[in-house]
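Chain A is the first sequence line, chain B the second, and so forth, proteins listed ahead of strands; every chain is numbered from 1.
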Protein chains: 2
Amino acid sequence: MFELNLRSRAPVYEQLVEKIKELIINNVLKPDQQLPAVRVLASELTINPNTIQKAYRELEHRGYIYSVPGKGSFVKPAVPGTNNARLQALEKELGKIISEMLYLGVPPQEIINMVKKQLANKEGGKLDD
Amino acid sequence: MFELNLRSRAPVYEQLVEKIKELIINNVLKPDQQLPAVRVLASELTINPNTIQKAYRELEHRGYIYSVPGKGSFVKPAVPGTNNARLQALEKELGKIISEMLYLGVPPQEIINMVKKQLANKEGGKLDD
DNA sequence: TAACTGTATTATTTATGTTAGTACAATAAG
DNA sequence: CTTATTGTACTAACATAAATAATACAGTTA
């Protein structure tokens with residue numbers, strides 16, 4: 001499914017959260033699609049099932065998946081306009097990145113072009129549906 | 001100078017790195033300006049000098065400050081076009097944020113408007129010089 | 001019933017962050 | 001030269017978090 005960097009200073013469960021979140025955001029994992037079972041994924045990645053469960057618990061807490069005992073864990077369909085807190089955090093992050101780009105000497109117009117280019121790429125990516 | 005969240009899961013030295021980096025990027029700390037001495041800042045924040053030194057070491061490694069034994073630690077002037085690796089990382093981060101905004105239902109045009117608004121704010125901030 | 005799901009619990013090991021205390025060389029000012 | 005500052009280095013001790021290991025239990029499905 002994906003790979004992990006065991007040497008990284010970032011905890012394994014955090015890496016898992018980021019990777020899976022990324023797959024969900026990029027629509028590689030579709031809404032209501034079932035995720036690998038805790039034990040299965042643990043076996044594939046040769047890490048402890050508890051670590052997977054910790055990642056799944058975190059993903060559920062952040063609203064990206066939902067788990068049903070006895071059935072499995074599934075991708076939670078996104079409901080637009082629901083996550084204003086997260087959106088506000090993203091806008092703040094965006095501000096930090098822009099500030100640092102300016103600091104590194106990138107002209108404002110080039111930053112806008114970067115964004116437009118990224119948006120164009122994502123639109124193209126929607127053809128995955 | 002600033003405040004720290006000792007209850008946060010983020011290590012104190014990492015918080016320090018982020019805060020100081022932010023002050024440098026936003027030009028609150030000017031190029032070649034001297035930073036507080038390791039022991040002084042440790043005393044102000046009532047934390048161990050070793051923790052401050054660890055943060056300073058990290059900041060120096062990332063290219064934001066330079067330290068001279070016997071003299072002090074200073075803000076390193078940014079040289080545009082020098083940090084392509086960091087710029088590439090920022091562009092990647094930017095992509096992630098844009099992807100998540102789209103995922104949350106933000107229209108592309110609104111994202112561009114956000115960026116333009118942020119850029120306008122930063123231009124205004126340049127009046128600090 | 002049997003084989004799967006998620007979930008919970010306890011104990012142990014390992015890694016990292018933080019503090020504490022001490023020490024040394026370079027710099028600047030008296 | 002002396003003194004007080006600076007950054008830097010080192011070891012030891014402690015606290016916390018991450019990760020593993022080994023079970024166990026309840027809900028679901030065939």
From the candidates D:dA19, C:dT18, C:dT5, the one with an atom nearest any side-chain atom of A:Val12 is D:dA19

Of A:Gly70 and A:Arg57, the one whose closest DNA chain C nucleotide lies more 5': A:Gly70

Of the listed nucleotides C:dG17, D:dG7, D:dA9, the one nearest the side chain of B:Gln53: D:dA9

Whole-Å distance between D:dT29 C1' and A:Gln34 CD? 12 Å

Base, sugar-phosphate, or nothing: which does B:Glu14 touch, judged by heavy atoms less than 4.0 Å apart? nothing

Rounded to whole Å, please give me the gap between CD1 in A:Ile52 and C1' in D:dA19. 12 Å

Phosphate oxygens OP1/OP2 of D:dA19: is one of them under 4.0 Å from a side-chain N or O of A:Tyr13? no

Could you walk me through whether B:Asp32 and B:Tyr66 pass the side-chain hydrogen bond (donor to acceptor under 3.5 Å, both in side chains) check? CA-CA 9 Å; B:Asp32 292 312; B:Tyr66 63 94; 2.7 Å; yes

Winner on side-chain proximity to B:Asn50, out of D:dA21, C:dG6, C:dT19, is C:dT19

Winner on side-chain proximity to A:Lys54, out of D:dG7, D:dT20, D:dA18, is D:dA18

Please tell me if A:Thr51 has a side-chain N or O lying less than 4.0 Å from either OP1 or OP2 of D:dA19. no

Within 45 degrees of the ring normal and closer than 6.0 Å to the centroid, is that where the cationic atom of A:Lys54 sits relative to A:Tyr13? yes

Run the numbers on A:Arg62 and A:Glu14 for salt bridge (Lys or Arg N to Asp or Glu O under 4.0 Å), then give the verdict. CA-CA 12 Å; A:Arg62 296 192 195 175; A:Glu14 269 288 346; 3.5 Å; yes

Pick the closest DNA chain D nucleotide for B:Tyr56 and for A:Ala10 by heavy atoms, then say which residue is nearer the 5' end. B:Tyr56

Atom pair distance, as rounded to whole Å: CG in A:Asn5 and P in C:dA15: 16 Å

How close or far is atom P of C:dT19 from atom CG of B:Leu4, stated in whole angstroms? 10 Å

What is the distance, to the nearest angstrom, from the CG atom on B:Asn48 to the C1' atom on C:dG17? 11 Å

Path from B:Leu6 to B:Ile52 over hydrophobic side-chain contacts below 4.5 Å: yes

At less than 4.0 Å, is any side-chain N or O atom of A:Lys71 found next to OP1 or OP2 of C:dG6? Yes or no. no

C:dA28 P sits how many Å from B:Phe74 CZ, rounded? 9 Å

Taking the side chain of B:Arg39 as its heavy atoms from C-beta onward, which of D:dC25, D:dA18, C:dA23 lies nearest to it? C:dA23

By nearest atom, which of the nucleotides D:dA19, C:dG17, D:dT20 is closest to the B:Pro11 side chain? C:dG17

Under 4.0 Å between any heavy atoms, over every strand shown, what does A:Gln15 touch: base, sugar-phosphate, or nothing? Just pick one. nothing

In Å, rounded to the nearest 0.5 Å, how long is the span from CD1 of B:Ile97 to CG of A:Leu94? 5.5 Å

Using whole Å, what does the distance between atom C1' of nucleotide C:dT19 and atom CG of B:Leu45 come to? 15 Å

With a 4.0 Å cutoff (strictly under), does any side-chain N or O of A:Ser67 reach OP1 or OP2 of C:dT5? no

